[in-house]
Amino acid sequence: MQSPDLNSLREFCNARRIMLCFNGPISRSLIEEIGNALRNYLEADRVQPGAAMDVFGIYIEMTQNIRHYATRMNYGEAEAAATVVIARDETGRHVVSAGNLVEVDDGRALVTRIEQLAALDKAALKQLYKEQLRRPRDTGQSSGAGLGLIDIARKASAPLAATALERPDGRSFFSLTALV
């Protein structure tokens with residue numbers, strides 16, 4: 001294997017204001033460790049506490065959703081990998097993106113759900129969140145694309161964006177981006 005060109009990777013990340021990037025299998029302990037690094041970076045960068053909590057909360061929700069999905073689908077280590085990028089856009093907002101392999105139908109359903117959430121204003125998202133909180137939970141069913149996704153949409157400063165790119169292996173690579 002040829003060594004990666006770390007200088008080019010560094011320049012790529014710097015040009016896109018990427019402060020944190022991860023690609024690989026994700027575990028509970030790794031989510032926690034990356035979360036600690038993110039929290040420390042946000043503190044060192046003197047990000048307003050409310051914005052820092054939103055960035056951190058969105059990162060945690062996205063990565064836990066990926067981990068829970070991979071576990072529920074009994075994915076192996078390679079299939080359970082996640083790609084996570086946290087950056088700043090040209091206006092200084094934080095961009096939190098995460099992606100993972102999903103079944104094609106699940107990817108399509110998630111994109112549809114996110115498009116529905118993206119069409120709602122803050123008041124409607126708040127109302128939907130309250131309704132979801134009151135809804136009885138079926139202990140035998142997964143709560144996929146429920147309260148956590150609504151919470152991400154509420155914390156975001158712009159509508160969520162998602163894609164599900166179908167792959168030749170019969171799965172899709174789902175990605176979700178939130179601006180804070």
Identify the heavy atoms of [X] and [Y] that sit nearest to each other, and give their distance.
{"X": "Val47", "Y": "Ala52", "value": "CG1-N, 3.8 Å"}
{"X": "Ile66", "Y": "Ala98", "value": "CD1-CB, 3.8 Å"}
{"X": "Cys21", "Y": "Val85", "value": "SG-CG2, 3.9 Å"}
{"X": "Ala81", "Y": "Asn100", "value": "O-CB, 3.7 Å"}
{"X": "Ser97", "Y": "Thr177", "value": "OG-OG1, 2.9 Å"}

Nearest 0.5 Å please: distance from the [atom1] atom of [X] over to the [atom2] atom of [Y].
{"X": "Arg17", "Y": "Glu90", "atom1": "CZ", "atom2": "CD", "result": "6.0 Å"}
{"X": "Leu176", "Y": "Leu110", "atom1": "CG", "atom2": "CG", "result": "8.5 Å"}
{"X": "Leu160", "Y": "Ile150", "atom1": "CG", "atom2": "CD1", "result": "11.0 Å"}
{"X": "Leu9", "Y": "Ile18", "atom1": "CG", "atom2": "CD1", "result": "8.0 Å"}
{"X": "Tyr69", "Y": "Phe174", "atom1": "OH", "atom2": "CZ", "result": "10.5 Å"}
{"X": "Ile60", "Y": "Leu38", "atom1": "CD1", "atom2": "CG", "result": "8.0 Å"}

[Y] side chain reached by [X] side chain, heavy atoms, under 4.5 Å:
{"X": "Thr63", "Y": "Val84", "result": "yes"}
{"X": "Leu42", "Y": "His94", "result": "yes"}
{"X": "Arg67", "Y": "Arg28", "result": "yes"}
{"X": "Val180", "Y": "Lys155", "result": "no"}
{"X": "Val55", "Y": "Val96", "result": "yes"}
{"X": "Ile34", "Y": "Tyr59", "result": "yes"}
{"X": "Glu103", "Y": "Tyr75", "result": "yes"}
{"X": "Asp151", "Y": "Ile58", "result": "no"}

Step through the shown structure and confirm whether more than 12 heavy atoms of other residues, nucleotides or ligands are within 6.0 Å of [atom1] on [X].
{"X": "Glu77", "atom1": "CD", "value": "no"}
{"X": "Glu131", "atom1": "CD", "value": "yes"}
{"X": "Met53", "atom1": "CE", "value": "no"}
{"X": "Lys126", "atom1": "NZ", "value": "no"}

* To do: Group every Ile, Leu, Val, Met, Phe, Trp and Tyr by side-chain heavy-atom contacts under 4.5 Å, then state whether Leu117 and Leu133 land in the same group.
  => yes
* **Co-membership, hydrophobic cluster, residues Val95 and Ile152, 4.5 Å side-chain** =>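 As far as the 4.5 Å side-chain criterion goes, Ile152 and Val95 are not connected within one cluster.
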* To do: Go through the steps to decide whether Ile31 and Ile26 satisfy the test side-chain contact (heavy atoms from CB on, under 4.5 Å), and finish with yes or no.
  => CA-CA 7 Å; Ile31 291 171; Ile26 193 150; 3.5 Å; yes
* Cation-pi between Arg167 and Phe173: NZ/CZ under 6.0 Å from ring centre and within 45° of the ring axis? -> no
* To do: Mind running side-chain contact (heavy atoms from CB on, under 4.5 Å) on Arg88 and Arg93 for me, showing each step along the way?
  => CA-CA 5 Å; Arg88 281 199 164 196; Arg93 294 183 300 180; over 6 Å; no
[Y] backbone acceptor or donor facing [X] side chain under 3.5 Å:
{"X": "Arg16", "Y": "Phe12", "result": "yes"}
{"X": "Ser157", "Y": "Leu179", "result": "yes"}
{"X": "Gln64", "Y": "Glu61", "result": "no"}
{"X": "Asp121", "Y": "Ala123", "result": "yes"}

* Worked check of side-chain contact (heavy atoms from CB on, under 4.5 Å) between Phe22 and Thr83 -> CA-CA 6 Å; Phe22 173 81; Thr83 302; over 6 Å; no
* To do: Would you mind checking if Glu166 and Arg171 are paired as a salt bridge, meaning a charged N to carboxylate O distance below 4.0 Å?
  => no
